[in-house]
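Taking it in order: structure first as structure tokens, then the write-up.
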Amino acid sequence: MVEAASSSFIVVADDSKLVSGLGGSGLAMPVEVVQFCWKYNLVRLEGLFKELGCEAKLRLAGDGSEKPYVTDNGNYIVDLYFKNPIKDGFAAGKEISAMEGVVEHGLFLGMATSVIIAGKTGVEVMTK
């Protein structure tokens, strides 16, 4: 919400963060889903990205129990883990968003107004 409500969104990173695709790093990409059909959506999300070696897991509360983590909006999070990177983030985001029961995904696409990348040869600034 903060990024969407802001007039500018500046990303600052070093050149080690540059990748040819999203995912494949072992980190989770979250997808917020309504509680009612979370199992159905978990299976659908995993199947959607089967060719990328996607594994979908329900995020747990982290208190030692098997209870699901519940968002501020009363929804669940399905974490997607990719063995291979997503090459087209915009297409992936569109497909995820089109699923019934999906509230939001963790792909922040087209939001940055500027990107600042620092590297050994200097700093590069890109703007919209």
Side-chain angles (χ1 to χ4, degrees):
M1 285 301 282
V2 174
E3 292 87 357
S6 299
S7 60
S8 62
F9 177 26
I10 301 169
V11 175
V12 180
D14 66 69
D15 60 2
S16 71
K17 302 296 184 200
L18 298 174
V19 294
S20 62
L22 303 169
S25 65
L27 298 175
M29 186 190 76
V31 178
E32 186 174 357
V33 299
V34 296
Q35 289 188 32
F36 174 70
C37 57
W38 74 266
K39 287 181 185 178
Y40 176 68
N41 276 322
L42 182 143
V43 171
R44 287 177 49 193
L45 287 162
E46 194 170 76
L48 181 63
F49 299 108
K50 187 177 182 175
E51 73 281 356
L52 298 176
C54 178
E55 182 179 2
K57 294 181 181 179
L58 179 66
R59 184 178 294 180
L60 299 179
D63 59 4
S65 71
E66 291 296 312
K67 293 187 292 186
Y69 173 84
V70 179
T71 68
D72 293 342
N73 294 322
N75 299 310
Y76 289 167
I77 300 289
V78 172
D79 287 319
L80 304 181
Y81 297 89
F82 295 91
K83 287 189 179 18
N84 300 301
I86 298 168
K87 296 296 183 187
D88 187 344
F90 287 98
K94 188 175 180 179
E95 289 186 71
I96 294 169
S97 294
M99 289 184 170
E100 302 82 7
V102 167
V103 178
E104 189 58 80
H105 57 71
L107 295 170
F108 296 96
L109 303 167
M111 296 179 79
T113 53
S114 299
V115 178
I116 301 170
I117 304 291
K120 293 176 184 155
T121 59
V123 175
E124 183 176 354
V125 178
M126 297 165 270
T127 58
K128 265 189 176 178

For the [atom1] atom of [X] and the [atom2] atom of [Y], what is their distance to the nearest 0.5 Å?
X: Leu45; Y: Trp38; atom1: CG; atom2: CH2; answer: 12.0 Å
X: Ile86; Y: Leu80; atom1: CD1; atom2: CG; answer: 7.5 Å
X: Ile77; Y: Tyr69; atom1: CD1; atom2: OH; answer: 6.5 Å
X: Leu60; Y: Tyr76; atom1: CG; atom2: OH; answer: 10.5 Å
X: Phe90; Y: Leu107; atom1: CZ; atom2: CG; answer: 9.5 Å
X: Lys57; Y: Tyr81; atom1: NZ; atom2: OH; answer: 5.5 Å

>> Is it true that Thr71 and Asn73 share a donor-acceptor pair across their side chains at a distance under 3.5 Å?
In response: no
Please find the pair of heavy atoms, one from [X] and one from [Y], that lie closest to each other, and give the distance.
X: Cys37; Y: Gly101; result: SG-CA, 4.1 Å
X: Leu52; Y: Pro85; result: CD2-O, 3.6 Å
X: Ala56; Y: Val78; result: CB-CG1, 3.9 Å

> Any ion pair linking Arg59 and Asp79 (charged N to carboxylate O, less than 4.0 Å)?
Replying inline: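 Arg59 and Asp79: salt-bridged.
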> Do His105 and Glu95 have side chains that get closer than 4.5 Å, going by heavy atoms?
Replying inline: no
> Do Glu46 and Glu55 touch side chain to side chain, with heavy atoms closer than 4.5 Å?
Replying inline: yes
>> Taking salt bridge (Lys or Arg N to Asp or Glu O under 4.0 Å) as the definition, give me every residue that meets it alongside Lys120, ordered by chain and number, with sequence neighbours left out.
In response: none
>> Can you list everything that forms a salt bridge (Lys or Arg N to Asp or Glu O under 4.0 Å) with Asp63? Sequence neighbours excluded, please.
In response: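 Residues passing salt bridge (Lys or Arg N to Asp or Glu O under 4.0 Å) with Asp63: Lys67.
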>> Check this for me: Glu51, atom CD, are more than 12 non-hydrogen atoms of other residues, nucleotides or ligands nearer than 6.0 Å?
In response: yes
> Crowded around Lys87 NZ? As in, over 12 foreign heavy atoms under 6.0 Å?
Replying inline: yes
>> Walk me through whether Glu124 and Asp15 qualify under side-chain contact (heavy atoms from CB on, under 4.5 Å).
In response: CA-CA 10 Å; Glu124 183 176 354; Asp15 60 2; over 6 Å; no
Should [X] and [Y] be counted in the same cluster of Ile, Leu, Val, Met, Phe, Trp and Tyr side chains packed under 4.5 Å apart?
X: Val123; Y: Val115; value: no
X: Ile116; Y: Val11; value: no
X: Val33; Y: Val103; value: no
X: Leu27; Y: Leu109; value: no
X: Val34; Y: Met99; value: no

> Checking side-chain contact (heavy atoms from CB on, under 4.5 Å) for the pair Val31/Ile96: CA distance, chi angles, key distance, verdict?
Replying inline: CA-CA 8 Å; Val31 178; Ile96 294 169; 4.0 Å; yes
>> Going by the rule side chain to side chain donor-acceptor pair (under 3.5 Å), which residues pair with Ser114 if we only count those two or more places apart in sequence or in a different chain?
In response: none
